[in-house]
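Before any comments, here is the structure.
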Protein chains: 2
Amino acid sequence: MTARIIDGKATAASLREDVAAAVARLKSEHGITPGLAVVLVGEDPASAVYVRNKGRQTVEAGMNSYEHKLDAGTSQDELLDLVAKLNADPAVNGILVQLPLPGHIDTSAVIATIDPAKDVDGFHVVNAGRLATGLPALVPCTPVGCVILARQVHSDLSGMEAVVVGRSNIVGKPVAQLLLNENCTVTIAHSRTRDLPEVCRRADLLIAAVGRPEMIRGDWIRPGATVIDVGINRIPTDEGKTRLVGDVAFDEAVEVAGAITPVPGGVGPMTIACLLRSTVEATRRQNGLEPV
Amino acid sequence: MTARIIDGKATAASLREDVAAAVARLKSEHGITPGLAVVLVGEDPASAVYVRNKGRQTVEAGMNSYEHKLDAGTSQDELLDLVAKLNADPAVNGILVQLPLPGHIDTSAVIATIDPAKDVDGFHVVNAGRLATGLPALVPCTPVGCVILARQVHSDLSGMEAVVVGRSNIVGKPVAQLLLNENCTVTIAHSRTRDLPEVCRRADLLIAAVGRPEMIRGDWIRPGATVIDVGINRIPTDEGKTRLVGDVAFDEAVEVAGAITPVPGGVGPMTIACLLRSTVEATRRQNGLEPV
C-alpha cells in the first residue's frame, strides 16, 4: 500500500483564494481593507525570508502589509512602544512579531503587550485561554493548518483516535485543543512517554510535532492512519549538502499510512495561509462582523 | 485484590493544616492576613451550604472571610459593581462568585470581570491561558485536588498513562493540563469517544469527571490502576431515600483498581482545602512573595 499524499501546497493555494475572496467582500460590502503588521528585529536570514513571504502573500490576498524592520540592537522598550502604537492604529488589524527575538528582549513581555484582538499568531495568554475554554479565539497558525489538512482526508474527525507527539505552546498543545473541539479522543505524548511507538500505533490521526528528524518510524504507524508531519528539519546529505526532512521517516511511513503530508510541501505552506485567514477573522471581529 | 482507599478527608485535613501554617507565617513574617470574599446570589440550598463551609474553613485557617449574600433578583450590573469593588479592595486577596448564578446573569461576563490575580476559582481566561501555556496560574480547585490525591499513591506521576474522562472547563480540561505538567501521557476521552471502556483500560491513572452515576464499570479498569472519581451524583435508593455515588461503580472498581477515591470522602473534601491554598498563593503573589 502506498499512502495518499496530502498536498499542502495546493490546499494552501485554495485557502489563499478563499481569503482573497473574503477580503474582496470586506472591501466591497464594508469598505474595509484588512492590514497586517509584521515586526522583524535583527538580521536572522530565515526570519527575513519568512517575513518577506508573509508580506508578499498578504498583498496578493488584497490586504495591506506593514513591515517594521528593526535593528538587532533595538531595546525592549522601543519594541514595546512600537507594539503599543500598532495596537492603537486602526489600520492595523493583525500584529505579528517574528520569533525568535534577540536574547536581550523578553519574548513573553512582548507577546503580553499585543492586543489579544490583533494577536494573529494566537500566542497571547488570553487567546490560549479562550481556546482552552472553547471560546472564539485567534489560534496559532500551524495547528489550524494541521486540522485543515486532516480534514482534506476526513470530512468529520469526530470519534477519531488522535495522538499528538510534542507538547509545545506553539503546536502540540493548541493542536490538541483543536482536535478535542473536533471531538477526537486526544492523546498528548512527549519525551517522557514510556512507550512512544505503542502510543503512536493507537492513532487514526497522528500529528508529529517534536522537531527531531525522522524520529517516528514506519512501524510506529497504524496501517491506514492519517499522518500530519509538522517537523521541518534540515539535515546534511552524503554529498555535503543539506535537505529538509520531517519528524516522520517518510519513506517508511508512506508504505504504511493511509494518507501523509510530505516535507516540504505539507504543513509548511499552510502556516502563512492560515495567518492570512486569521487576519481576516480578526478584522471581522474588530468590526463587529460574523466570522466567515 | 481490594484497592487501597485514598482518604480525601484526611488528605484535605492535612492540607488545611499546611495552609493554616502558611497563613500564620504570612502574619508573623509580613503582617499580612489573607482575605477571601465569597459572593452568593440567590437562595440555592446546596450553594448556601457550600458557601457556609467555605466561610468556616477560611476562618479556621486564620484568614478573613467576607461573605456577600445578594438577593436572587440582583441585576448583573449590581453584581459587576460588587466584583469591581472587591477587585479594588486590598483586604480581599481572593474572590469567588458561587456558581450557578441566576439565569438573568451572564456568568462569563462576571468571571471576566474578576481580577485574574484574585480569581481563586481559576475560571478567568487569563488563568486558563496561563495554565495552558505552562505559566504560573491560579488553577481550578477540583483538578488540583485530583492531582494531590493521585500523588498520595505515586510520588512521581511522570510517564504514567493518564486517561481523563470528561472535558469540562471546570475539571476535565484543566486536570489534563496539570497531568501533562506532571509529565503524564494524557488522553482526554468524552461522550464522542468510540470505545470508552477500551480507552479507560489503558490508564495507569484514571480520572472520572463525567457527572453520570456509576458509568465507569469495574471491567473498564486496568488491574492495579489508580482511580480518581470526581463525580458526586445523588441517586434514589430502593427505600425512597437518596445516596451519593461517583462516576465509577465503586463496588466493582474496588476489586480491580490498585487505589481508588471513595464518594463521598474522596475528591469532594479536597476542593475547599485547595481553594484555601489558592487564596494563600494569590496573597503571596499579590505581595511579591515566592510561592510556598
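Since this is a predicted model, take the numbers as computed values, not measurements. A, B, ... follow the sequence lines: proteins, then strands. Residue 1 opens every chain.
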May I ask you to check whether over 12 heavy atoms, not counting those of A/Arg212, lie within 6.0 Å of atom CZ?
-> no

For B/His124 and B/Thr113, indicate whether the former's side chain and the latter's backbone hold a donor-acceptor pair under 3.5 Å.
-> no

Is it the backbone or the side chain of [X] that comes under 4.5 Å from a heavy atom of chain A, or both, or neither?
X: B/Leu196; value: neither
X: B/Arg130; value: both
X: B/Val163; value: neither

For residues B/Lys54 and B/Gln98, is any side-chain donor paired with an opposing acceptor at under 3.5 Å?
-> yes

Side-chain donor-acceptor pair present, B/Gln286, B/Lys118, cut-off under 3.5 Å | no

Take A/Asp156 and B/Arg192 through the salt bridge (charged side-chain N to carboxylate O under 4.0 Å, His left out) test and state the conclusion after the steps.
-> CA-CA 12 Å; A/Asp156 183 3; B/Arg192 308 290 282 275; 5.2 Å; no

Give the member of B/Thr185, B/Val164, B/Asp195 that has the highest number of heavy-atom pairs under 4.5 Å with chain A.
-> B/Thr185

Flag the one option from B/Val125, B/Thr193, B/Asn183 with the top tally of heavy-atom pairs under 4.5 Å to chain A.
-> B/Asn183

Answer key: most heavy-atom pairs under 4.5 Å with chain B among A/Ser158, A/Ala137, A/Ala189, A/Gly134 is A/Ser158

